[in-house]
Amino acid sequence: MPPLTQDGPRRRRTAFLSFYKVIESQFKDGRNRGRWIAGNIDKLKDRAGARVAELRTLGIDVANHLFESGRCAVAHASLEGEIVDPDIAADRRRLSADLVIIEELARLYIRDELGVPDSRSLYRTRDRLAPWDPLLPAETLISLRTGADAAATGLNERVVSVGLWPDGPIAGLERMTMYTDAVHQGVVKVVLFNERKTIMLVFFLDYKAGRIHTNLEDGGLLHGENNPDENDVRAYATFFYKVFGNGIAELACDGLEPVDCEIVIPVNMQLTMSPDDAIAAAVERFKREGSGAVGRQT
């Protein structure tokens with residue numbers, strides 16, 4: 001017999017049994033286990049939900065079917081009762097098809113019954129602005145999180161490093177100065193400027209939802225006492241095109257844990273080239289045409 005570590009069918013059998021044990025180990029009474037599975041089976045979606053529907057169209061009691069599959073997998077290891085043999089094509093297909101159900105049930109049990117968040121629930125509930133709580137007084141945070149229009153002056157003149165996860169700070173955007181522009185229903189609009197005041201970036205800090213959003217429409221390169229140079233063009237283009245291409249912007253301030261921004265989903269715009277090619281094109285256009293060619297191209 002080939003080693004289990006090299007045999008996909010046997011790994012699937014072991015995986016099925018392991019996921020089933022997550023639930024089985026929590027119930028002394030098998031009837032309670034069956035009732036829990038039956039009561040939660042309709043919560044399954046995607047591939048797991050589709051497999052449940054498929055079994056039901058065949059008139060199969062899904063909870064009982066999973067018990068039999070689990071028991072047979074155990075029996076195969078102990079040579080007792082009915083055997084499920086992963087070397088038999090029909091058994092292998094059934095184990096593979098049913099694996100998605102028992103895996104999702106195990107995840108559901110761990111998340112809902114044991115209170116351990118999975119990646120999806122953590123994504124929905126995690127307060128991404130929490131690492132920046134020390135930047136504002138406690139009473140201001142309470143007001144903002146309830147959707148009030150509290151002043152967030154504690155954010156003014158903070159030095160912020162703007163980067164991309166997981167690559168780190170963007171050259172030229174390591175020391176941006178932050179200012180509060182507006183507050184509305186717990187959402188703080190902040191603007192960030194580089195030291196030469198040639199780059200402006202805009203973000204919305206939504207304290208009520210615990211999210212931070214980039215605002216690509218309002219940011220850009222600025223002309224004034226200083227005009228953008230090649231480094232400014234490259235820095236801003238890197239930020240804009242990487243974020244536009246679904247990169248994750250990350251802001252760091254005062255040595256606190258960085259906060260990550262929501263991914264941008266462009267509407268009515270699309271890149272006609274890769275972000276890296278767009279960055280290179282922006283720099284080349286600036287070299288060729290000078291400061292009058294700092295506009296964005298998508």
Which of parallel (below 30°), tilted (30 to 60°) and perpendicular (above 60°) describes F203 and F239?
perpendicular

Quiz item: Under 4.0 Å between a Lys/Arg side-chain N and an Asp/Glu carboxylate O for E284 and R288?
Solution: no

So the salt bridge (Lys or Arg N to Asp or Glu O under 4.0 Å) pairs with at least one residue in residues 157-168 (sequence neighbours excluded) are R158-D254

Side chains of M176 and F193 in contact at under 4.5 Å (non-hydrogen atoms): no

Requested in this report: State whether a side-chain donor-acceptor pair under 3.5 Å links Q26 with W36.
Outcome: no

*D218 and K189 ion-paired at < 4.0 Å*: yes

#### Entry: Validation row: L136, D133 side chains within 4.5 angstrom (heavy atoms)
no

* Indicate yes or no: does R47 engage E104 in a salt bridge with an N to O separation below 4.0 Å. => no

The complete set of side-chain hydrogen bond (donor to acceptor under 3.5 Å, both in side chains) pairs with one or both residues in residues 177-186, sequence neighbours excluded, reads N156-T180

For a 4.5 angstrom cut-off between non-hydrogen side-chain atoms, does L222 reach P228? no

By side-chain contact (heavy atoms from CB on, under 4.5 Å), D29 pairs with (sequence neighbours left out) R31, N32

Tested for side-chain contact (heavy atoms from CB on, under 4.5 Å) against L216, the lone hit among L201, V202, V243 is V243

Ion pair check, D206 and R145, cut-off under 4.0 Å: no

Counting heavy atoms not belonging to E225, are there more than 12 under 6.0 Å from its CD?
no

Any ion pair linking K242 and D276 (charged N to carboxylate O, less than 4.0 Å)? yes

